[in-house]
Undergrad: 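Provided herewith is a single structure, encoded as structure tokens, for subsequent inquiry.
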Amino acid sequence: MLSKGELDILAALLTLHYNHRNYPADKLNELLTSDETLEAVRKKIKINTKLFNKLMASLKEKGLVLDKGLNPSLTRYPKDGKFKLFVGFEIER
């Protein structure tokens, strides 16, 4: 399960990836992992550097963010431009 901060970061990175999906893969991954991009994402979601780094480390531990970009399983976009979002949850008793 992802925290709100992890979701915010991942959503921002996925949005950037989708908006630049026509770039060559190496250039796109370079863009996503650049210090400038990560700093812009941090500022956009309005969290401090220490928390951002902690959340990024957690996303890497979970295999969603890799050293050279996003996990490819997250970036298989539909050809028809239609997206479906499925949310799983568990009710605590």
Side-chain angles (χ1 to χ4, degrees):
M1 183 172 304
L2 298 179
S3 70
K4 180 181 178 344
E6 290 169 325
L7 287 170
D8 289 345
I9 292 170
L10 192 57
L13 292 174
L14 283 167
T15 299
L16 283 170
H17 188 281
Y18 184 77
N19 288 339
H20 299 90
R21 66 191 177 281
N22 295 322
Y23 282 27
D26 59 331
K27 294 292 181 193
L28 179 52
N29 289 329
E30 190 177 306
L31 170 72
L32 289 175
T33 58
S34 75
D35 291 338
E36 294 83 9
T37 297
L38 295 176
E39 180 65 11
V41 167
R42 185 190 70 74
K43 286 180 178 179
K44 178 180 178 177
I45 62 174
K46 299 177 183 165
I47 60 174
N48 66 53
T49 302
K50 185 176 179 180
L51 178 58
F52 181 81
N53 291 340
K54 181 180 174 184
L55 294 171
M56 281 296 292
S58 178
L59 289 170
K60 287 180 180 181
E61 282 178 22
K62 293 175 181 178
L64 300 171
V65 175
L66 309 174
D67 287 335
K68 295 192 177 189
L70 296 173
N71 184 317
S73 67
L74 298 174
T75 58
R76 294 186 187 125
Y77 304 115
K79 293 188 189 289
D80 62 5
K82 296 179 183 176
F83 293 87
K84 291 182 181 178
L85 176 64
F86 295 93
V87 178
F89 63 93
E90 188 175 310
I91 298 173
E92 289 186 30
R93 296 177 192 244

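Small disclaimer: the values here were computed from a predicted structure and weren't measured.
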Undergrad: If I compare all heavy atoms of Ile9 with all of Leu59, which pair ends up nearest, and what's the gap?
TA: CG2-CD1, 3.7 Å
Undergrad: Same hydrophobic cluster for Leu66 and Leu74, using side-chain heavy-atom links shorter than 4.5 Å among ILVMFWY?
TA: no
Undergrad: Might you point out which heavy atoms bring Val41 and Phe52 nearest each other, and give the distance in Å?
TA: CG1-CE1, 3.9 Å
Undergrad: Just verifying a value: how many Å separate Arg42 CZ and Leu55 CG, rounded to the nearest 0.5 Å?
TA: 12.0 Å
Undergrad: For a 4.5 angstrom cut-off between non-hydrogen side-chain atoms, does Leu2 reach Leu64?
TA: yes
Undergrad: Apply side-chain contact (heavy atoms from CB on, under 4.5 Å) to residues Asp67 and Lys60 and explain how you reach the verdict.
TA: CA-CA 8 Å; Asp67 287 335; Lys60 287 180 180 181; 4.0 Å; yes
Undergrad: Taking the side chain as every heavy atom from C-beta outward, state whether Leu14 and Leu70 have any pair of such atoms under 4.5 Å apart.
TA: yes
Undergrad: Which pairs pass side chain to side chain donor-acceptor pair (under 3.5 Å) with one or both residues in residues 23-38, sequence neighbours excluded?
TA: Ser34-Thr37
Undergrad: Check Met56 against Leu38 and note the closest heavy-atom contact, atom names and distance.
TA: CE-CD2, 4.1 Å
Undergrad: Evaluate the side-chain proximity of Val65 to Asn71: yes if any heavy-atom separation is below 4.5 Å, no if none is.
TA: no
Undergrad: Would you call His17 and Leu32 a side-chain contact if the rule is heavy atoms closer than 4.5 Å?
TA: yes
Undergrad: Tell me if the NZ atom of Lys62 is crowded by more than 12 foreign heavy atoms within 6.0 Å.
TA: yes
